[in-house]
Amino acid sequence: MTHFPSKRLSRPGVVLAAVAGLVAVLGLGTVGEAHSAPAEATATDAAPRWSDRAHGFASLAKGTTGGAGGKVVTVTDQASLAAYAAAEEPYVIRIAGSIAVEPFGADIAVASDKTLVGVGDTGEIVHGELHLAPGTHNVIIRNLTIRDSAVEGNWDCKDTDFDGIQMDTVHHVWVDHNRFSNICDGQLDVRKDSEYVTVSYNRFENNNKTFGLGWTTNVKTQITVDHNLFANTKQRNPSVDNAAYAHLYNNYLTAQADPGDPVWTYGNWSRGRTKMVIENSYYQSVQHPHQADTTAELVERGSILKNTTGRHDEWGAAFDPRDFYAYRLDPAAAVPALVGRFSGPQRRIGGAVTLQVPGDYPTVQSAVDAVPEGNSVPVTVAVAPGVYREKVFIPAGKPNISLQGTGQDRSDTVIVYDTPAAYGGSTGSATVRIAAHDVTARHLTFSNDFDEAAHELNAEQALAVKTTGDRIVFEDTAFLGNQDTLMTDSPRLDVISRVYIRDSYIEGDVDFLYGRATTVVERSVIRALSRGSDSNNGYITAASTWAGNPYGFLITRSKVVSDAPAGTFHLGRPWHPGGEPAAVAQVLIRDTELPAAVKAAPWTDMSGFSWRDARFTEYRNHGPGAAVTADRPQMTDTEARTHTVADYLRGTDDWAPHARR
């Protein structure tokens with residue numbers, strides 16, 4: 001079986017162009033700034049700003065994946081958060097809304113193999129601490145606001161030690177896109193030989209002791225600190241004590257609190273035997289922007305210093321970060337705008353969950369299984385290129401799922417199985433079944449490769465996909481099979497489900513596009529496969545539309561192709577499942593190219609039901625298989641105005657997936 005792959009365009013250079021635009025529009029890099037020796041700005045091999053994959057040191061030594069591979073849960077209260085965060089098994093824990101921790105300043109213990117992520121941009125931990133005990137590893141904390149554990153009048157908080165996040169002797173931790181504000185002690189403390197840590201795109205605001213590393217005489221910690229905002233913070237921005245490698249780049253330090261303190265008000269400090277590299281950061285109104293102990297090393301390049309005073313230390317060779325990993329290095333002049341826009345909680349991160357196959361979940365079905373019942377937020381199952389020989393079922397209780405191939409072409413990612421209806425019935429034969437509402441599939445191929453020619457069976461139907469849910473979208477997808485390739489259905493005869501198929505490919509021979517759902521096929525290729533007959537090679541459609549539903553199948557602005565001989569293929573026949581008289585097929589094919597394989601009388605009877613009693617029409621078709629005859633009912637211009645894509649899909653909720661382009 002063959003199908004036509006799509007050609008997708010890449011957009012190289014978009015990131016660098018955006019950075020240049022920010023510099024130009026916002027007027028950055030102007031007079032009055034001091035520039036260090038430039039560091040090379042590049043986006044090569046860089047992780048996207050929205051990536052759910054750790055970068056920097058947290059990406060090394062098998063990487064940091066958090067709760068990937070575990071169940072996805074949503075919590076709204078302290079008890080649930082504490083239970084899931086401390087569990088032995090992996091979890092992706094979505095924190096919805098504000099959770100006020102009691103008693104004031106109490107710890108929430110976070111165990112290994114966890115992802116904590118705020119839902120939308122409103123997930124909060126209020127007057128409490130996330131605590132990672134010794135031995136904890138593989139933790140991701142993203143998209144949260146952690147705030148207000150400060151004790152009024154207690155500036156140093158030495159007697160309380162209420163941190164925002166504290167970790168001791170841990171490894172592989174990624175802290176990303178959070179906001180820390182008004183914490184009693186350290187907003188983020190990375191302590192006691194913790195290793196492989198990345199801290200990126202966070203906002204550190206309104207604090208005394210902000211972000212510290214060390215509390216050890218050993219020199220083990222490896223940490224990446226990039227694209228963070230430090231605003232109205234006094235010290236430890238960060239302070240790095242006895243770290244083996246500390247890579248700080250593209251950070252923005254501004255509006256320093258209490259700049260009158262001659263010693264303990266500062267920006268970055270390389271302490272003990274730390275090796276620190278600072279690149280392309282932006283310091284504005286900062287005292288002691290970067291300093292180093294005589295025992296430490298500090299290399300600084302490419303940063304901009306504006307209205308700074310005090311120490312600007314640089315000595316030693318430190319290390320070359322690119323010996324460890326590739327990274328995005330933005331121009332220092334663009335840092336205030338970039339950090340201002342991208343740091344802190346983001347709706348784009350917290351509004352959806354991405355489950356990687358096979359990176360996090362070995363099969364597509366295992367990723368679907370991880371989605372919670374009653375799911376109310378978008379979940380993307382991102383499927384890497386490859387052939388996945390499995391059956392996939394998305395049950396009715398798991399809506400809002402998107403299956404998305406990540407290859408360059410839809411043929412790169414194939415979900416395939418080979419069950420015929422003889423083994424489990426028509427429904428049981430489907431490679432993929434979608435019973436849930438609001439499911440989307442993109443850039444994928446669905447196939448049932450049962451070889452009907454090699455078997456002598458009475459039930460040779462072999463579905464690639466069956467849907468019964470409402471508001472189902474297929475974009476840039478291929479459906480491969482022979483008999484009954486794609487069934488778009490609904491739970492009951494009088495329940496209307498809607499399916500929208502665009503820029504896709506469907507192939508088969510007998511009734512290969514069928515069912516009772518309202519189904520639109522737009523801008524797609526339909527291949528009618530030859531069965532080797534010189535008289536009847538099959539039927540494209542077999543609709544079973546409910547008589548009370550004016551909209552069944554619409555094929556529009558598409559192309560039908562076929563290798564069958566001329567005049568041997570039907571456009572469709574009326575299917576009355578179980579002899580149901582209220583199943584009255586409705587099919588409109590309009591503005592579509594038809595091949596010579598289409599019969600001169602293209603509609604035919606089925607199981608004793610006349611095609612003339614069904615609702616079969618054409619409108620403005622073209623190509624060698626198009627004609628206007630008494631056996632080919634044509635829709636009038638007036639009727640056609642109420643049989644558009646919008647009319648078929650609108651329903652009672654104004655669904656319009658065709659408009660989102």
Side-chain angles (χ1 to χ4, degrees), residues 12-20 23 35-65 140 171-176 190 194-202 211 213 219-228 238 240 242-253 267-270 273-283 289-290 292 296-305 312-335 338-339 342-343:
V14 171
V15 172
L16 289 179
V19 171
V23 173
H35 296 256
S36 299
E40 181 183 4
T42 178
T44 303
D45 298 322
R49 301 185 198 281
W50 308 105
S51 174
D52 60 354
R53 293 305 198 192
H55 60 278
F57 278 113
S59 69
L60 303 182
K62 298 185 179 180
T64 303
T65 57
I140 296 173
H171 65 89
H172 289 95
V173 178
W174 183 28
V175 179
D176 177 71
V190 180
S194 295
E195 296 188 86
Y196 298 110
V197 179
T198 294
V199 178
S200 55
Y201 291 96
N202 300 284
F211 175 9
L213 296 88
V219 183
K220 295 184 67 175
T221 297
Q222 312 92 347
I223 189 164
T224 301
V225 181
D226 70 280
H227 293 91
N228 299 283
V240 184
N242 286 319
Y245 305 107
H247 183 204
L248 285 58
Y249 67 96
N250 287 148
N251 297 298
Y252 180 32
L253 286 72
N268 308 139
W269 194 344
S270 181
R273 290 180 290 162
T274 294
K275 292 182 178 180
M276 178 181 289
V277 174
I278 300 173
E279 298 181 283
N280 288 25
S281 289
Y282 197 106
Y283 302 86
H290 48 83
E297 298 180 31
L298 192 157
V299 169
E300 188 285 318
R301 51 180 173 259
S303 298
I304 291 176
L305 297 94
H312 302 70
D313 299 340
E314 298 181 49
W315 50 67
F319 67 102
D320 185 352
R322 294 193 189 277
D323 288 343
F324 295 89
Y325 52 80
Y327 57 98
R328 177 199 308 274
L329 188 58
D330 292 310
V335 164
L338 290 171
V339 170
F342 292 113
S343 66

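The first residue of the sequence shown is numbered 1, and numbering continues consecutively from there.
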Side chain to side chain contact (heavy atoms under 4.5 Å, CB included) against H171, all qualifying residues, sequence neighbours excluded:
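For H171 the side chain to side chain contact (heavy atoms under 4.5 Å, CB included) partners, ignoring immediate neighbours, are H137, E195.
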Which residues pass the side chain to side chain contact (heavy atoms under 4.5 Å, CB included) test with T274, not counting sequence neighbours?
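With neighbours one apart ignored, the set is V240, A243, A246, S270, M276.
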Checking [X] now: which residues fulfil side chain to side chain donor-acceptor pair (under 3.5 Å) with it, not counting sequence neighbours?
X: T224; value: Y325
X: S343; value: R203
X: D226; value: H55
X: N268; value: Y283

With under 30° as parallel and over 60° as perpendicular, where do the rings of Y245 and F57 fit, or are they tilted in between?
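Judged by the thresholds at 30° and 60°, the geometry between Y245 and F57 is parallel.
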Please round to the nearest 0.5 Å and tell me the distance separating atom CG of L338 and atom CZ of R328.
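It is 8.5 Å, given to the nearest 0.5 Å.
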Spatial distance of atom CH2 (W315) from atom CG (L298) [nearest 0.5 Å]
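Between atom CH2 of W315 and atom CG of L298 there are 8.5 Å.
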Decide yes or no on side chain to side chain contact (heavy atoms under 4.5 Å, CB included) for F211 and V225, but give the supporting numbers first.
CA-CA 11 Å; F211 175 9; V225 181; 3.9 Å; yes
Can you tell if the side chain of [X] reaches within under 4.5 Å of the side chain of [Y], non-hydrogen atoms only?
X: P289; Y: E300; answer: no
X: T221; Y: N242; answer: no
X: F319; Y: Q222; answer: no
X: V335; Y: N251; answer: no
X: F324; Y: H247; answer: no

To check you understand the geometry: which heavy-atom pair defines the closest contact between [X] and [Y], and what is its length?
X: L213; Y: P238; value: CD1-CB, 3.8 Å
X: I140; Y: T65; value: CD1-C, 3.6 Å
X: A332; Y: G302; value: CB-O, 3.2 Å
X: S59; Y: A54; value: CB-O, 3.4 Å
X: T64; Y: V173; value: OG1-N, 4.0 Å
X: P331; Y: N280; value: CA-ND2, 3.9 Å

Backbone N or O of [Y] within a donor-acceptor pair of the [X] side chain at under 3.5 Å?
X: H172; Y: A61; answer: yes
X: D330; Y: N250; answer: no
X: E297; Y: K275; answer: no

Using side chain to side chain donor-acceptor pair (under 3.5 Å), reason through H290 and E314 one step at a time and then give a plain yes or no.
CA-CA 8 Å; H290 48 83; E314 298 181 49; 4.8 Å; no
Any luck finding a side-chain donor-acceptor pair between W174 and S200 under 3.5 Å?
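Their side chains do contain a donor-acceptor pair, which is all the 3.5 Å distance test asks for.
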Compute the ring centroids of Y249 and H227, then answer whether they are less than 6.0 Å apart.
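Ring-ring flag for Y249/H227: true, centres closer than 6.0 Å.
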